[in-house]
Participant: 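Okay, handing you the structure first.
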There are 2 protein chains.
Amino acid sequence: MTVWDRPEPSARPVPLDRERIVGAAIALADEGGLEAVSLRKVAARLNAGPMRLYGYISTKEELFDLMVDEVQAEILPEEQPGDWREALRSLALRTRQAALRHQWLADLLGGRPTLGPNGLAVTEAKLAALDGLADIDTVMRAVETVSAYFTGAIRREIANLRAEHATGLSKRDWQRASGPHVTKMLDTGRFPALAKAVHDGTDVDAETSFVTGLDWVLDAVAARLTRPPA
Amino acid sequence: MTVWDRPEPSARPVPLDRERIVGAAIALADEGGLEAVSLRKVAARLNAGPMRLYGYISTKEELFDLMVDEVQAEILPEEQPGDWREALRSLALRTRQAALRHQWLADLLGGRPTLGPNGLAVTEAKLAALDGLADIDTVMRAVETVSAYFTGAIRREIANLRAEHATGLSKRDWQRASGPHVTKMLDTGRFPALAKAVHDGTDVDAETSFVTGLDWVLDAVAARLTRPPA
DNA sequence: CACGGATCAATACAGTGTATCGACATGAGA
DNA sequence: TCTCATGTCGATACACTGTATTGATCCGTG
């Protein structure tokens, strides 16, 4: 092969860093969900070979961790409100909003400990909100409980949202259309309470449902904060 | 290729049904986690070719759905206790126990609507527990809230459990060893509340933490049931 | 006994995460 | 200024994935 056949080597490789990599991965996930994120596609988006990424991450899971941590930054509020309740509420709502923007977050939320800088900062914010209002153990329990609630609630919301979107129908029509199956099941009479709920229940929008439960949980926390701090 | 070269066709194919398929898949998942479940391995475990499965399921996701529903059967209590609170508590605890037996369940919990027969039965049980104790909408909100809580809590618990197991150390040593990283972060002083929590917090076992939060949430529900039923 | 339709296995394909390794550009030393 | 070691990058390779297609083989029915 003569020089003339050989192509000129491509310009110096594009400089890379984790930020760019994570950005590309998030973009892909936003567009096509988590399953659209492959190391090859991420690399391609950065005009790099797939193996190049292994200088910055050592496994795909690590990339996911970085993605989650990146999004955690969106959750941190600009400034901490004074009231503990408003602080926790705000963190929960912002997490939900982030999950609505990046629906793939629902697949990752709670799936691994969040030890990245932003993840730690979020945890710090939660703990700080309650700092001094009760003994430490109570505070930890409170944070865990609230976090567990909204993690679970967000996951369910996104799951339903996807189910609706998959069948391509409005919220209310879902039960009727998600199934011939479900309706048939309900008609068997083996699920009377559920049938009644589907039939007579008001369908509130997801946000209302989310904050309703959230406020209940916050009430429960409030009830435990009456004890004097340790 | 003559007849003599050609092997006698293997005995009549093993009969198959969804139950067997799901059983094999669950066995694989119990042993090696969700990622150990591949259609090829499931089929191999049943002495069948991979394509054979597509007569019973049309996608791998459906197999996961069947697995989840199968495990839901373990959650249904033999008989419903009289007290609504005990009923919900029991469902939550049994879900947790199921998740501890089948840790892969944590990856799937809340990820999709559960419309299988057992999933519907579980939902029915939750709703039935509260039936008549408040207007339907309140009941639905209560069930959603409790479910969101324990879904999230279970997920976090399993996540931590895996993290500990991955580093192979005891609960308490985790913060110290999960990182050089975490300790260094804490030493920066940027996370005072978190540092205090790690330092001064008692480490309660996971079950205690779970039921503590659960009882808080149940208290919150109880507070809303005082209103007369609709 | 022949045939039609269903059932199943084999093959194939496009894609995955990651290990290995050879080429090559870059910086240090002579 | 030339040479050589170093470490980075890309190509190749491997074992594996979910699933479409296709061709053989069996069964029940005419």
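Lettering follows sequence order; numbering is per chain, from 1.
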Participant: Roughly how many Å is it from CZ in B/Arg52 to P in C/dA6, rounded to a whole number?
Facilitator: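 Value for this atom pair: 17 Å.
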Participant: Please examine the side chains of B/Glu144 and A/Arg156, heavy atoms only from C-beta on, and report whether any two atoms are closer than 4.5 Å.
Facilitator: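 Yes, side chains in contact.
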Participant: Quick one: A/Leu28 CG to C/dG15 P, roughly how many Å, whole number?
Facilitator: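 Going from CG in A/Leu28 over to P in C/dG15 covers 15 Å.
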Participant: In whole Å, what is the span from the CG atom of B/Leu53 to the C1' atom of D/dG18?
Facilitator: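 Distance, rounded to whole Å: 11 Å.
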Participant: Got B/Ser209 and B/Glu157 here, is their nearest side-chain heavy-atom distance under 4.5 Å?
Facilitator: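 When only atoms from C-beta onward are counted, B/Glu157 and B/Ser209 do not touch, as no gap falls below 4.5 Å.
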Participant: Within the structure provided, determine whether A/Val146 and A/Leu214 are in side-chain contact (heavy-atom separation under 4.5 Å).
Facilitator: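 Contact flag for A/Val146/A/Leu214 side chains = yes.
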Participant: Which residue is it: A/Met51, A/Arg52, A/Lys60? I am looking for the one with a side-chain contact (heavy atoms from CB on, under 4.5 Å) to A/Leu39.
Facilitator: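 By the side-chain contact (heavy atoms from CB on, under 4.5 Å) criterion, A/Leu39 pairs with just one of A/Met51, A/Arg52, A/Lys60: A/Lys60.
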Participant: If you measure from the Lys or Arg side-chain nitrogens to the Asp or Glu carboxylate oxygens, is any gap between A/Arg162 and B/Glu61 under 4.0 Å?
Facilitator: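 Here A/Arg162 does not pair with B/Glu61 in a salt bridge, since their nearest N and O are not under 4.0 Å apart.
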Participant: Heavy atoms within less than 4.0 Å of DNA chain C: which residues of residues 32-49 of chain B have one? Give them sorted by number.
Facilitator: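 Listed by number, they are B/Arg40, B/Gly49.
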Participant: Where along residues 54-63 of chain A does a heavy atom come under 4.0 Å from DNA chain C, residue by residue in number order?
Facilitator: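 A/Tyr54, A/Thr59, A/Lys60, in order of number.
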Participant: Is A/Glu74 paired with A/Arg96 through a side-chain N to carboxylate O contact shorter than 4.0 Å?
Facilitator: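 No, A/Arg96 and A/Glu74 are not salt-bridged.
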Participant: Is a salt bridge present between B/Arg20 and B/Asp17, judged by a nitrogen-to-oxygen distance below 4.0 Å?
Facilitator: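 Looking at B/Asp17 together with B/Arg20, the answer is yes, because their closest N to O distance falls below 4.0 Å.
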Participant: Within the structure provided, determine whether A/Met67 and A/Trp104 are in side-chain contact (heavy-atom separation under 4.5 Å).
Facilitator: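 SC-SC contact between A/Met67 and A/Trp104 confirmed.
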Participant: Rounded to the nearest angstrom, tell me the gap between atom CE in B/Met51 and atom P in C/dT11.
Facilitator: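 Nearest whole value for this atom pair: 13 Å.
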